Protein chains: 2
Amino acid sequence: MYTVICDAVLDLVSGGATLSSLSLVRISRDTGISRNSIYRRWKSKEQLYSDVVKSIERQLPDLTELSARENLFVMMKTFDGAVERSKGRMEQAIVAEAQNFPDLHEQYLIEIVAPFDHAMKLAIRRGKETREIRADVDENLLAEVLVSSVSAGMSSNHREGQDFESASRRIIDLVFDGVSPK
Amino acid sequence: MYTVICDAVLDLVSGGATLSSLSLVRISRDTGISRNSIYRRWKSKEQLYSDVVKSIERQLPDLTELSARENLFVMMKTFDGAVERSKGRMEQAIVAEAQNFPDLHEQYLIEIVAPFDHAMKLAIRRGKETREIRADVDENLLAEVLVSSVSAGMSSNHREGQDFESASRRIIDLVFDGVSPK
DNA sequence: ATCTAACGGAACACTTATGTATCGTTAAAT
DNA sequence: ATTTAACGATACATAAGTGTTCCGTTAGAT
């Protein structure tokens, strides 16, 4: 039942439901699990959401001996591929309603964002060691630019599924090469 | 009354309210305007939101004879300065609930996003003419990277107010100069 | 001064969600 | 085979919002 409910929440949120407007009645109807059982398992909607967040942990990829561009591409692909679109939507919903669910947002930052952020900066630092990235580049800024570009492209609906990979590569190339003449 | 209601909606959304969860009862209480009058003016919440969107039109800056970096900086500043944070939150809410308010989202794309996007690409094209930006750079991609980086920094709460300007400049510099050695 | 349009207050029926409680059933463990 | 824990169905009181209606009041235009 546990995973059934969590997946249903991901689907509903992915389908446009808001964390605050999503009701247990709806979840109960969608899953076929009685509202009663849900109340027995979770004392509140927040606690249910908390378990949903735990269910979307990504396993971060190890750094390869490939180029820095390739490593960062793999990281961005991990951040949100077309495969696990529902997870991305959930995260989007959490950020959008951070003020309504502060504890949930904090949990999200600690369990999801921070590890990914750490891995991202590790990949950047590796790129500096191999001289593929200049030493004076701000790691935080670079990571933020890359991640936000990808997540924005994910939420803007004019870019769908298969374009994701090429878009990520082009973003990486743009940021690596810069736009001014050399 | 018109502007009072619209401003109240902006404030409420800015305070964390969701478009779907925000109630006319709440708006009525907050403004002191009777729920009755609101119903007389707008037939539905969607139509009210539509007028709210119309109220957040930005007047786009003219291109100056300054550098491309400076022009783009002014554009990004227009997109969302710390001053008009409530507008940014409203746009964030519209995007987050695009599936629940498709008409509103479309209106937002046409009236807000498209003109800004057009002006942004104009600034980029100007930069190409002055040889500050390489001719082979994808205008759409560059605009998307810049805008998404700024809007992401706006929604992530670890960057507040006065940092906005310097962050925008640093993002522009990063993208212009690139991160790989020259 | 009077007319009129716009407003506020209150009430209405209806819908949806919350949280709790009771009771019967089912399935798994021993 | 019997116990037991988990589940489903139903009902309940409570709360909040929707959309509409009726009525009294008020401010501005003429």
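The structure displayed is predicted, hence computed values, not measured ones. In what follows, chains are A, B, ... by sequence order, proteins preceding strands, each numbered from 1.
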Calculate the interatomic distance between [X] atom [atom1] and [N] atom [atom2]; express it in whole Å.
| X | N | atom1 | atom2 | value |
| --- | --- | --- | --- | --- |
| A/Met1 | D/dG8 | CE | C1' | 12 Å |
| B/Gln47 | D/dG19 | CD | P | 11 Å |
| A/Ile33 | D/dA9 | CD1 | P | 11 Å |
| B/Tyr39 | C/dC12 | OH | C1' | 13 Å |
| B/Arg41 | D/dG19 | CZ | P | 16 Å |
| A/Glu46 | C/dG19 | CD | C1' | 14 Å |
| A/Trp42 | D/dA6 | CH2 | C1' | 14 Å |
| A/Arg29 | C/dT15 | CZ | P | 14 Å |

Which of parallel (below 30°), tilted (30 to 60°) and perpendicular (above 60°) describes A/Trp42 and A/Tyr2?
-> tilted

For A/Ile38 and for A/Arg35, locate the closest nucleotide of DNA chain D by heavy-atom distance; then report the residue assigned to the nucleotide nearer the 5' terminus.
-> A/Ile38

Measure from the side-chain heavy atoms of [X] and tell me the nearest of [options].
| X | options | value |
| --- | --- | --- |
| A/Ser23 | D/dT18, C/dA17, D/dG8 | C/dA17 |
| B/Ser34 | C/dG8, C/dT18, D/dT18 | C/dG8 |
| A/Lys45 | C/dG8, C/dT18, D/dG8 | C/dT18 |

Please work out if A/Arg40 contacts a base, only the sugar-phosphate, or nothing of the nucleic acid, heavy-atom cut-off 4.0 Å.
-> base

Polar pair under 3.5 Å, donor/acceptor by atom type, side chain A/Asn36, base C/dT20 = no

Just how far is it from atom OG1 of B/Thr3 to atom CG of B/Asp51, taken to the nearest 0.5 Å?
-> 11.5 Å

Please determine if a side-chain N or O atom of A/Ser37 lies less than 4.0 Å away from the OP1 or OP2 oxygen of D/dA6.
-> no

Is a side-chain donor or acceptor of B/Ser168 paired with a backbone partner of B/Phe73 at a separation under 3.5 angstrom?
-> no

Pair B/Thr18-B/Glu97, side-chain hydrogen bond (donor to acceptor under 3.5 Å, both in side chains): steps then yes or no = CA-CA 8 Å; B/Thr18 298; B/Glu97 271 191 290; 5.0 Å; no

Could A/Arg169 and A/Glu70 be called an ion pair, given the rule that one side-chain N must be under 4.0 Å from one carboxylate O?
-> yes

